[in-house]
Amino acid sequence: MSIRTLDDLLAEGVSGRRVLVRADLNVPLDKQTGDITDDGRIRAVLPTLGALVEAGAKVVVCSHLGRPKGTPDPQFSLRPVAGRLGELLGAPVHFAEDTVGDSARSTVAGLTDGQVALLENLRFNAGETSKDEAERGAFADQLAAFGDAYVDDAFGAVHRKHASVYDVPARLPHVAGRLVLREVEVLSTLTSEPERPYVVVLGGSKVSDKLAVIEALLPTVDRLLIGGGMCFTFLKAQGLEVGTSLLEEDMVETCRNLLERSSGKIMLPVDVVVADAFAPDAAHDTVRVDGIPSHRLGLDIGPETVAGFAAALSQAKTIFWNGPMGVFEMAAFAAGTRGIAEAITEADAFSVVGGGDSAAAVRALGLDESSFNHISTGGGASLEYLEGKALPGIAALEN
Ligand code: 3PG
Ligand code: MG
């Protein structure tokens, strides 16, 4: 890879220099309290930030949070993230109340060597995500004015052609941070030389989100295990009735076609947990997939499916997992996701967990993160990497 790294930048010396770091601090927040419910993405960027602080840089961090519409929206403020980042770094983080305005300018100007500032949400500015090159460029000019060098450590956003990801590196000396490097290193072993059998587990709600990656993976993997909400469209494609389960009617034909072309590599659930409603206290039972009642919906894979998937995983030498197997946030429908996660940790395999939701599930279920070889911080980004797509944020670092 012809990409310069944080170590190259540190070797040049960064003491007293302003270093603009693009991080992905897009963490889940509790809808009621606004508290950070999973700080994994904040912790993931600490190695890069810590190294810059130690080297005496003036560190200016920027990130998006959620999907505000190009204008300030208090529910998406990064302020709580500044607090948590400060706790984890063990030093206060100076928070700018805007991204490139007066507050940002004075906050950056006030930094002394080894101090850290966090700018307000990048997406409070229309230029960040604009499709118009000139509008994005104008915003990138304002951001680039805050740095003498740029570090991309926002792996979760490298698939976005956004100002802070794509246009800023064209304006400043640029390097990849520790997290981006590690993510790319791990994912490249999956695409180039996975030790076999290579087993992929996919879940989550929509087939349409995963279609491209399924297409790309089918020739490469030895087995593809499908659970989560998206399994019902596949079951329908097999001619089964799925009650009121999540169903993408317009994908049924596509799924039928994938099943036909998969040479038996795709494994689907044989039993599921069905409920009367999408609610934590809904009445529920386990049924065979050919016996889903017409008025009930499937919210998790069943125990026999977990056993079958676990048996396939126990043979694997390489595992990639993206997407929960059921509604793990509700205790009654968490057993499938937990069972698969445990089977992955028990396998004697190189295991990679991809994505926001599956990574959050690992932590929410209280599983030991260190029993996986790698937990990616990027959901969409890791899938697009595995699809073989060019990632704008990585391409920008290569130039
Ligand atoms: C994510 O959570 O997937 C990343 O932070 C990217 O966010 P986005 O999908 O809103 O661009
Ligand atoms: Mg996303």
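Numbering of ligands and ligand atoms starts at 1, following listing order. As the structure is a prediction and not an experimental result, all values here were calculated from the model.
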Number the atoms of ligand 1 from 1 as they appear, then name those within less than 4.0 Å of a heavy atom of [X], with their elements.
| X | result |
| --- | --- |
| G156 | 4 (C), 6 (C) |
| D24 | 4 (C), 5 (O) |
| R160 | 8 (P), 9 (O), 11 (O) |
| N26 | 1 (C), 2 (O), 4 (C), 5 (O), 7 (O) |

TODO: May I ask you to say whether R4 pairs ionically with E398, meaning some side-chain N is under 4.0 Å from a carboxylate O?
DONE: no
TODO: Run the numbers on F350 and H374 for ring pair (Phe, Tyr, Trp, His ring centres under 6.0 Å), then give the verdict.
DONE: CA-CA 9 Å; F350 181 74; H374 182 70; 8.2 Å; no
Open item on the list: For atom 2 (O) of ligand 1, tell me which residue out of H162, R123, R41, R67 has the closest non-hydrogen atom.
Closed with: R41
Task: Selection residues 194-213 - residue pairs positive for salt bridge (Lys or Arg N to Asp or Glu O under 4.0 Å), sequence neighbours left out - done: R196-D222
Open item on the list: For the CG atom on D250, are there more than 12 heavy atoms of other groups (residues, nucleotides or ligands in this structure) within a distance under 6.0 Å?
Closed with: yes
TODO: List in chain and number order the residues that pass side chain to side chain donor-acceptor pair (under 3.5 Å) with R363, two or more places apart in sequence or in another chain; answer none if no residue qualifies.
DONE: D38, E369
